*Asks:* 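Dropping the structure in here first, questions after.
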Amino acid sequence: MPEKLKVPSEGSPIVLKNGKLVIPDRPIIPFIEGDGIGPDIWRAAQLVFDAAVAKAYSGSKKIAWMEIYAGEKAKKLYNEWLPAETVEAIRSYYIAIKGPLTTPIGGGFRSLNVTLRQVLNLYACIRPVKYYQGVPSPVKNPEKMNVIVFRENTEDVYSGIEWAMGSPEAKKVIDYLNKEFKTHIPQDAGIGIKPISKTASQNLVRKAIEYLKQHNRASLTLVHKGNIMKYTEGAFKEWGYELANDQYAGQFITENELWERYRGNAPQDKKVIKDRIADNMLQQILTRTDEYDVIATPNLNGDYLSDACAAQVGGLGMAPGANIGDYHGLFEATHGTAPKYAGQDKVNPSSVILSGVLMLQYLQWTKAADLIEAAIEKTIMKKQVTYDLARQLEGKVKPLKTSEFGQAIVDNF
């Protein structure tokens, strides 16, 4: 039995049967409240989730919430930042949701978010970015933004393999490379390793293709910096095309084929696969936004790109995120802990609420998910918004508290 976790008696665990998740009517869902603003946004989000499920299913379905601990709360309870039973709870119950977590200060500590992704092999970070009517935006046509970014979640420069300048490890690596491979790395360099594997790359691209097919999206874009990093990011691109050709034979056409054979109009039974250099893509997503649909990319590119996309549609406060493996799903707010606003009941909870929408879709409780999305848009259209949106709207708009915004969404169901 868990040491400090209280398993709700009225719920049942999600189980894996014949390669599929079986979702009971009262699933036990672990949640991590989060640090800083985490408690404020979680309270508002849980109110919304519970009310949406109750309304959508007239009481026949209900989430049995189980609190698990990471970050500052875990440090106080366990004297460690990420207890083993927290990881085991997510592994055992398959689906969980979390607020933002503090990364411990000091050398030797990896991001808790990165650690969770790697330990649980949640290799696909999924970031849907789309516009909700009424949200203030710095661009002229924010409604053109509707992309799903699939960011590889376990490798690249986020793998945590690095050594500080002057450390014995850095010196050893530098001396070895300079001697054996005739490189010219200065002795005062820090060293980091950027692994990108065929297995992880193709797992990510496969997940993106399955999403594209399931949701009938039109195109997949592989974003990479392969013109410079040929054997890591360039290989990512090649492995992506290879997977599409080998495992989805006849289902894709390239961009060249689209124009040379089909004059720009893809047949109904074909999807388009294309690729873009990462720096060019950051420009394209701003100037030719509606030409992109599902995007697959290595870790660092995905971090930059998803945030750049979110900036066009209200910022990170409106950006949900999901970390998905073969079966496990960890859904999370994509912004930080904002400690200066902790306990002020002030910030926008939409990121964690929309991450809950992704979670409900993963549970296949789409009626509740649709209810929340429609109500968020309705709430914003009425200018019932938190301070971050209120200050960008024209005219004098009195901002709502975090809790008031959550209640307004429920009132707009």
Side-chain angles (χ1 to χ4, degrees), residues 19-21 117 121-130 145-156 196-226 232-259 261-262 265-278 281 284-285 289-303 305-306 309 320-331 358-359 361-362 364 366:
K20 290 187 178 180
L21 293 179
R117 294 165 192 165
N121 195 28
L122 304 174
Y123 52 80
C125 177
I126 304 173
R127 296 278 298 271
V129 187
K130 71 176 185 178
M145 174 66 70
N146 189 357
V147 299
I148 315 289
V149 179
F150 279 74
R151 167 190 170 194
E152 202 290 316
N153 225 0
T154 63
E155 298 189 320
D156 203 350
I196 290 185
S197 70
K198 182 175 184 178
T199 297
S201 298
Q202 292 197 333
N203 280 344
L204 186 276
V205 174
R206 186 183 300 107
K207 192 68 85 172
I209 289 174
E210 289 299 325
Y211 182 97
L212 178 142
K213 290 175 61 182
Q214 183 183 348
H215 295 272
N216 198 29
R217 308 285 290 218
S219 70
L220 173 67
T221 305
L222 305 170
V223 177
H224 60 95
K225 191 63 180 167
T232 51
E233 302 219 0
F236 173 89
K237 177 195 75 170
E238 297 303 327
W239 293 327
Y241 278 113
E242 179 185 300
L243 179 103
N245 289 332
D246 292 349
Q247 297 186 21
Y248 300 90
Q251 298 180 40
F252 282 93
I253 56 172
T254 65
E255 202 167 25
N256 284 342
E257 289 173 318
L258 173 67
W259 291 103
R261 294 180 58 186
Y262 300 105
N265 297 307
Q268 286 189 342
D269 62 339
K270 305 287 185 186
K271 307 294 183 184
V272 178
I273 184 168
K274 52 191 174 182
D275 70 273
R276 294 289 182 272
I277 300 294
M281 185 64 178
Q284 295 262 311
I285 204 66
T289 311
D290 53 1
E291 293 182 15
Y292 298 97
D293 195 345
V294 177
I295 296 166
T297 185
N299 210 331
L300 182 62
N301 297 335
D303 202 354
L305 185 59
S306 54
C309 291
N323 301 286
I324 306 292
D326 288 338
Y327 302 106
H328 290 82
L330 177 60
F331 301 83
L358 297 181
M359 183 188 75
Q361 291 169 344
Y362 200 68
Q364 297 189 8
T366 52

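Worth saying up front: this structure is predicted, and the values here are computed from it rather than measured.
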*Asks:* Side-chain contact test, heavy atoms from C-beta onward, threshold under 4.5 Å: evaluate it for L330 versus R117 and give yes or no.
*Replies:*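 In short, these two side chains do not touch, never coming nearer than 4.5 Å.
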*Asks:* For T154 and A200, work out which heavy atoms get closest and say how close.
*Replies:*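 For T154 and A200, the tightest heavy-atom pair comes out as OG1-CB, 4.4 Å.
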*Asks:* Where do R127 and G321 come nearest, in terms of heavy atoms and distance?
*Replies:* CD-CA, 3.9 Å
*Asks:* Kindly indicate whether the side chain of K274, heavy atoms from C-beta on, has any atom under 4.5 Å from the side chain of Y292.
*Replies:* yes
*Asks:* Report yes if the side chains of L220 and V205 come closer than 4.5 Å at any heavy-atom pair, otherwise no.
*Replies:* yes
*Asks:* Using distance alone, with no hydrogens and no angle criterion, decide if N216 and K271 have a side-chain donor and acceptor under 3.5 Å apart.
*Replies:* yes
*Asks:* I need the minimum non-hydrogen distance between K225 and E233, along with the two atoms involved.
*Replies:* N-OE1, 2.6 Å
*Asks:* Could you check E242 against K198 for salt bridge (charged side-chain N to carboxylate O under 4.0 Å, His left out), going step by step and ending with a plain yes or no?
*Replies:* CA-CA 10 Å; E242 179 185 300; K198 182 175 184 178; 2.9 Å; yes
*Asks:* Measure across A278 and N301 and return the closest heavy-atom pair with its distance rounded to 0.1 Å.
*Replies:*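 Residues A278 and N301, closest heavy atoms: CB-OD1, 3.7 Å.
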*Asks:* Is any side-chain heavy atom of H224 less than 4.5 Å from a side-chain heavy atom of I277?
*Replies:*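 Side-chain contact under 4.5 Å: yes.
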*Asks:* As an exercise, state the distance from CD of E257 to CD1 of I273, rounded to the nearest 0.5 Å.
*Replies:*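 Interatomic distance, E257 CD to I273 CD1, rounded to 0.5 Å: 10.5 Å.
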*Asks:* Could you tell me whether a side-chain N or O of K207 sits under 3.5 Å from a main-chain N or O of G325, the two making a donor and an acceptor?
*Replies:* yes
*Asks:* Counting C-beta onward and ignoring hydrogens, is there a side-chain heavy-atom pair between I324 and F331 closer than 4.5 Å?
*Replies:*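 Heavy-atom side-chain distance check passes, below 4.5 Å.
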*Asks:* Any heavy-atom pair between the side chains of L358 and I126 that's under 4.5 Å?
*Replies:* no
